[in-house]
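One is the number of the first residue; the rest follow in order along the sequence.
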Amino acid sequence: MTRNQNRDGASSSSRKRVNGGVAPWSDLNPDVLFLVMMKLGVIDFLAFGGVCKTWRSLALNNKKIFMASRPPMLMSISDPSYEKKECYCCLEDFEGRKFKTFLPHAAGRICVGITCGYLILFGGETKDFWLVNLITRHQLHFPCFPFNARTDLARMRGILVFSPSVSGWVFVVLRTFSCQIWFSIAGTRAWSRISTFLTIDLHAFKGKIYTLNICCRLCEMRLTPEPKLTLLQTKNIPPPGFFFPEFVSSGENLYVMDRGLKDSYTAHELDFEEMKWVSSEKTLEERAFFVNGFKYSSAIKSDLWVDHRSLYERYAYFHSTIDTSRKGGFLPSYIWYFPNDCLNVNLLDE
């Protein structure tokens with residue numbers, strides 16, 4: 001009824017008091033409406049923005065604030081068999097609210113990762129990529145990958161960045177434990193490559209791309225004017241070294257999270273001023289590290305999820321790793337989706 005009452009936001013009759021003095025919802029005090037909006041889940045927020053122009057304007061103006069305040073959601077994807085013509089993705093929050101959406105161009109493709117809220121869909125036969133943002137519905141296509149990665153999808157790692165020098169999106173792909181990094185500019189039909197050390201992970205952080213190799217060496221990667229990698233000297237290497245490292249960032253902090261023996265986890269922060277790795281127990285109290293099966297994990301403030309701690313156990317596949325004595329820690333699950341990343345753009349500093 002509200003949607004029909006003030007859909008175009010222009011009808012003066014819809015602004016009049018109706019039903020014995022009850023004002024339309026669109027006339028609700030903006031500050032009160034904002035407080036109501038911030039209590040919604042992600043799915044309800046999307047519906048909130050479609051009620052009328054007033055609500056849509058409020059939602060658009062505060063979309064980043066809202067998404068940044070949302071805890072991770074569990075994601076599941078329907079059977080990605082090549083015969084299946086349609087593919088669906090389901091998101092579920094800690095309160096059990098679900099959102100099911102159709103994935104375009106997913107037929108014959110497998111989801112191999114997540115970057116900036118985009119699912120990375122790889123074609124088993126075509127070997128090309130479709131990137132689909134679950135929240136904004138924005139899509140990007142990248143051409144046939146020049147390396148046969150169909151039998152080695154678990155080693156594929158991709159990140160999406162925006163390059164001001166080419167005024168376009170750039171998709172960067174790494175096959176972990178390889179000596180080559182590939183990248184393609186959206187709208188082109190080509191891939192370029194950079195030779196490097198045996199590299200384990202890459203990550204976009206504060207306008208730069210960083211890589212980490214098997215010997216814990218950190219490099220900065222530049223795409224323009226000439227693609228190259230520059231070795232960064234660090235004063236130390238976290239003992240006993242990294243076994244299965246993965247970059248994780250949170251706000252102004254860059255971490256390397258490592259899964260050791262018996263599924264135990266550690267995290268080290270890179271102190272850019274001192275150029276050294278620092279291990280801090282305080283970090284694990286302030287941050288919850290959501291460990292993603294797609295090698296796209298995230299560290300968020302513990303306060304954003306602590307109220308839902310009791311619900312987490314049904315999401316986790318390693319219950320024994322949950323330390324109930326602390327706010328933060330490491331929280332593994334199969335596939336986490338991070339709403340706070342869906343509006344972020346990895347804008348390169350060139």
(request) Keeping the roles fixed (side chain from Asn236, backbone from Trp277), state whether a donor-acceptor pair exists under 3.5 Å. (result) yes
(message) Please report the interatomic distance OG1(Thr230) to NZ(Lys208), rounded to the nearest 0.5 Å.
(response) 10.0 Å
(request) Give the minimum heavy-atom separation between Ser178 and Arg155, together with the two atoms involved. (result) N-NH2, 4.1 Å
(request) Name the orientation class of the two ring planes belonging to Phe48 and Trp55 (parallel below 30°, tilted from 30 to 60°, perpendicular beyond 60°). (result) parallel
(message) Taking the cut-offs as 6.0 angstrom to the six-membered ring centre and 45 degrees off its axis, would you call Lys100 and Tyr88 a cation-pi pair?
(response) yes
(request) Side-chain contact test, heavy atoms from C-beta onward, threshold under 4.5 Å: evaluate it for Ser250 versus Tyr255 and give yes or no. (result) yes
(message) Here's one to test your reading of the geometry: is the NZ or CZ of Arg175 within 45 degrees of the ring axis of Phe177 and under 6.0 Å from its centre?
(response) no
(message) If you count every heavy atom of other residues, nucleotides or ligands that lies below 6.0 Å from Lys276 atom NZ, does the total exceed 12?
(response) no
(request) Return the minimal non-hydrogen interatomic distance between Leu229 and Ser195, and the atom names on each side. (result) CD1-O, 3.9 Å
(request) Mind listing the closest non-hydrogen atom pair of Phe197 and Asn213 along with its distance? (result) CB-ND2, 3.5 Å
(message) Test side chain to side chain contact (heavy atoms under 4.5 Å, CB included) on Asn62 and Met37; report intermediate values, then the result.
(response) CA-CA 10 Å; Asn62 295 281; Met37 182 188 70; 3.8 Å; yes
(request) Start with the C-alpha distance between Lys64 and Asn344, add both sets of side-chain angles, then the distance that settles side chain to side chain contact (heavy atoms under 4.5 Å, CB included), and finish with yes or no. (result) CA-CA 8 Å; Lys64 287 189 175 182; Asn344 290 338; 5.7 Å; no
(message) Within the 4.5 Å heavy-atom criterion, are Val170 and Leu160 side-chain neighbours or not?
(response) no
(request) Spell out, as yes or no, whether a donor-acceptor pair under 3.5 Å connects the side chain of Glu246 to the backbone of Ser297. (result) yes
(request) Applying ring-ring contact (aromatic ring centres under 6.0 Å, His included) between His141 and each of Trp169, Trp130, Phe171, report the one that passes. (result) Trp130
(message) Quick check: closest heavy atoms across Ala59 and Gly49, and the distance to 0.1 Å?
(response) CB-CA, 4.0 Å
(request) Indicate yes or no: at least one non-hydrogen side-chain atom of Leu134 is less than 4.5 angstrom from one of Cys89. (result) yes
(request) Verify, without hydrogens or angle tests, whether Asn253 (side chain) and Ser249 (backbone) share a donor-acceptor contact under 3.5 angstrom. (result) no
(request) Looking only at non-hydrogen atoms, find the nearest pair between Ala190 and Ser184 and report the distance. (result) O-OG, 2.9 Å
(request) Please round to the nearest 0.5 Å and tell me the distance separating atom CZ of Phe99 and atom CG of Asp93. (result) 12.0 Å
(request) Give me the one residue out of Met73, Lys98, Arg97 that meets side-chain contact (heavy atoms from CB on, under 4.5 Å) with Glu92. (result) Lys98
(request) State, with a plain yes or no, whether a side-chain heavy atom of Leu121 is found less than 4.5 Å away from one of Val132. (result) yes
(message) Side-chain heavy atoms nearer than 4.5 Å, only ILVMFWY residues, links allowed to pass through others: does that put Ile65 and Leu46 together?
(response) yes
(message) Is the positively charged end of Arg193 above the ring of Phe183, judged by distance under 6.0 angstrom from the centroid and angle within 45° of the axis?
(response) no
(message) Is there a side-chain contact between Met38 and Ser69 in this structure, where contact means two heavy atoms from C-beta onward sitting under 4.5 Å apart?
(response) yes
(message) Test your reading of the model: is there a side-chain donor-acceptor pair from Arg70 to the backbone of Phe338, 3.5 Å cut-off?
(response) no
(message) One pair to check against side chain to side chain contact (heavy atoms under 4.5 Å, CB included): Leu119 and Ile114. What are the steps and the verdict?
(response) CA-CA 5 Å; Leu119 300 192; Ile114 307 173; 4.0 Å; yes
(request) Begin from the C-alpha positions of Glu125 and Lys127 and carry the test salt bridge (charged side-chain N to carboxylate O under 4.0 Å, His left out) through to its verdict. (result) CA-CA 6 Å; Glu125 298 294 336; Lys127 297 195 297 184; over 6 Å; no
(message) Please determine whether residues Leu231 and Met275 belong to a single hydrophobic cluster, defined as Ile, Leu, Val, Met, Phe, Trp and Tyr linked transitively by side-chain heavy-atom distances below 4.5 Å.
(response) no
(message) When you measure from the side chain of Trp191 to the backbone of Phe142, do you find a donor-acceptor pair of N or O atoms at a distance under 3.5 Å?
(response) no
(request) Considering non-hydrogen atoms only, spot the tightest contact between Phe102 and Cys87 and give its length. (result) CD1-O, 3.5 Å
(request) Consider only side-chain N and O atoms of Thr196 and Gln180, and report whether a donor and an acceptor are under 3.5 Å apart. (result) no
(request) Consider only side-chain N and O atoms of Arg137 and Thr101, and report whether a donor and an acceptor are under 3.5 Å apart. (result) yes
(message) Donor-acceptor check, side chain of Tyr337 to backbone of Leu91, threshold 3.5 angstrom: yes or no?
(response) no
(request) Determine, using the 4.5 Å side-chain heavy-atom cutoff (strictly less than), whether Leu223 and Ile181 are members of one ILVMFWY cluster. (result) yes
(request) Indicate if Leu174 and Tyr210 have the same hydrophobic cluster label, given that clusters are the connected sets of ILVMFWY residues with side-chain heavy-atom separations under 4.5 angstrom. (result) no
(request) Find out whether Glu252 and Lys206 are in side-chain contact, i.e. whether some heavy atom of one side chain is under 4.5 Å from a heavy atom of the other. (result) yes
(message) Between Val32 and Leu35, does the side chain to side chain contact (heavy atoms under 4.5 Å, CB included) criterion hold? Intermediate values first, please.
(response) CA-CA 5 Å; Val32 175; Leu35 294 176; 5.6 Å; no
(message) Using only atom types and a distance under 3.5 Å, with no angle test, would you say the side chain of Asp258 pairs donor to acceptor with the backbone of Thr266?
(response) no
(message) Looking at Arg56, I'd like to know if its CZ atom is crowded, meaning that more than 12 non-hydrogen atoms belonging to other residues, nucleotides or ligands lie closer than 6.0 Å.
(response) no
(request) Kindly indicate whether the side chain of Leu348, heavy atoms from C-beta on, has any atom under 4.5 Å from the side chain of Ile209. (result) yes
(message) For a salt bridge (charged side-chain N to carboxylate O under 4.0 Å, His left out) check, start with the C-alpha distance between Asp128 and Arg109, then their side-chain angles and the critical distance, and finish with the verdict.
(response) CA-CA 9 Å; Asp128 59 344; Arg109 300 180 186 276; 2.8 Å; yes
(message) Contact between Arg157 and Asp201 at the side-chain level, heavy atoms closer than 4.5 Å - yes or no?
(response) yes
(request) With Phe247 as reference, evaluate Leu270, Leu202, Ile159, Val256 under the side-chain contact (heavy atoms from CB on, under 4.5 Å) test and give the passing residue. (result) Val256
(message) Taking Ile135 as the starting point, is it possible to reach Ile77 by hopping between hydrophobic residues whose side chains are less than 4.5 Å apart?
(response) yes
